[in-house]
Amino acid sequence: SRRTPVRILRDRHLIQPDDPLLLLKARVHEAEGQGRVGFALFQAARTPGPIFWIALAHDRDRLLPGALPDGVAERLHFVEARNETDLLWSIEEVLRARPVSLVVAEPEKPISLTAGRRLQLAAEAGQTTGLLLIREGRGSNAAETRWKCDPLPGPADSTRHRWMLNKNKKGTLGFHDVSWDGATAAF
């Protein structure tokens, strides 16, 4: 009897990157914890191309251009949504836009499985990376990864963080203690 050779094809998402802090393209990820904005800025500093930050209009915590990492302010587009429905619509539309590299959004409410899946499909269609900055325990089962981001104790001017990958659909879990000064993409 003749046997057909078996070929093993690798899923492009299963390939482990050399960079453990790399967010996979064409997927939506989540970050929670006190350091989630710092994690998002770190990702923005190392992602080339246009960046969209989408927040609710009544949320008064705003990024100041002078406090952004080098090269981010020129590429950052800030979008204010009137309510949670508009926020989800905006995220989905921007994720579908091909020239966009990174979409960061700050939902107040938990993302349902259906809404999370819609965002994943939009990210795949636009080949865009999404990062949702969520409140603790409000993640979606549809997220590719979920990071818990907290500052670490240290001297008054410490830039130490612990970024813990506590959900990963296609890889291993773990944590990374990083020292990042918030100015460049280096850590």
Problem set entry | Where Glu74 and Gly71 come nearest, the two heavy atoms and their spacing | OE1-CA, 3.0 Å
Exercise. With a 4.5 Å limit on heavy-atom distance, are the side chains of Trp147 and His176 in contact?
Worked result: yes
Exercise. Arg117 side chain to Thr114 main-chain N or O, any donor-acceptor pair under 3.5 Å?
Worked result: no
Seminar exercise, completed: CG of Leu102 to NZ of Lys25, rounded to nearest 0.5 Å, is 11.5 Å
Exercise. Hey, is CZ on Arg146 packed in by over 12 heavy atoms from elsewhere, all under 6.0 Å?
Worked result: yes
Seminar exercise, completed: Heavy atoms of Ala142 and Gly116 approach each other most closely as CB-C, 3.4 Å
Exercise. Is there a side-chain contact between His29 and Lys167, using heavy atoms and a 4.5 Å cut-off?
Worked result: no
Seminar exercise, completed: What one should report as the nearest heavy-atom pair of Gln127 and Ala26 is NE2-CB, 3.7 Å
For this session: Please say which of Leu23, Leu24, Thr47 ends up in a side-chain contact (heavy atoms from CB on, under 4.5 Å) with Thr129.
Result: Leu23
Exercise. Between Asp150 and Arg162, is there a side-chain N and carboxylate O pair less than 4.0 Å apart?
Worked result: no
Exercise. Between Glu124 and Arg27, is a salt bridge (Lys or Arg N to Asp or Glu O under 4.0 Å) present by the stated rule, with each step listed?
Worked result: CA-CA 6 Å; Glu124 289 174 17; Arg27 306 302 298 156; 2.4 Å; yes
Problem set entry | Under 4.5 Å side-chain linkage, directly or through intermediates, the cluster mates of Val94 | Val28, Phe52, Ile54, Leu56, Val79, Leu87, Leu88, Ile91, Leu95, Val100, Val103, Ile111, Leu119, Leu132, Ile134
Exercise. What's the spacing between Leu41 CG and Arg36 CZ if we round to 0.5 Å?
Worked result: 12.5 Å
Exercise. Are Glu30 and Ser140 close enough that some pair of their side-chain heavy atoms sits under 4.5 Å apart?
Worked result: yes
Problem set entry | Residues that Asp59 engages under salt bridge (charged side-chain N to carboxylate O under 4.0 Å, His left out), provided they are two or more places apart | none
For this session: Could you state whether Phe78 and Leu68 fall into the same hydrophobic cluster, counting links through intermediate Ile, Leu, Val, Met, Phe, Trp or Tyr residues with side-chain heavy atoms under 4.5 angstrom apart?
Result: yes
For this session: Examine distances only and state if a side-chain atom of Thr128 and a backbone atom of Gly126 form a donor-acceptor pair shorter than 3.5 Å.
Result: yes
Problem set entry | ILVMFWY network linking Leu21 to Val37, side-chain heavy atoms under 4.5 angstrom | yes
Seminar exercise, completed: Closest non-hydrogen contact found for Ala40 with Val104 is CB-CG1, 4.0 Å
Problem set entry | Centroid-centroid distance, Trp163 to Phe175, less than 6.0 Å | no
Problem set entry | Arg160 side chain reached by Ser179 side chain, heavy atoms, under 4.5 Å | yes
Seminar exercise, completed: Those residues at least two apart in sequence (or on a different chain) that pass salt bridge (charged side-chain N to carboxylate O under 4.0 Å, His left out) with Glu106 are none
Exercise. Does any N or O in the side chain of Lys109 come within less than 3.5 Å of the main-chain N or O of Glu84, such that one atom is a donor and the other an acceptor?
Worked result: no
Exercise. Just wondering, more than 12 heavy atoms not from Gln34 lying within 6.0 Å of its CD?
Worked result: no
For this session: List the atom of Gly49, the atom of Arg75, and the distance in Å for their closest heavy-atom pair.
Result: O-NH1, 2.7 Å
Problem set entry | Worked verdict on Lys148 versus Glu32 for salt bridge (Lys or Arg N to Asp or Glu O under 4.0 Å) | CA-CA 5 Å; Lys148 173 127 173 61; Glu32 62 185 6; 5.7 Å; no
Exercise. How long is the span from the CZ atom in Arg138 to the CG atom in Leu133, to the nearest 0.5 Å?
Worked result: 13.5 Å
For this session: May I ask you to check whether over 12 heavy atoms, not counting those of Arg135, lie within 6.0 Å of atom CZ?
Result: yes
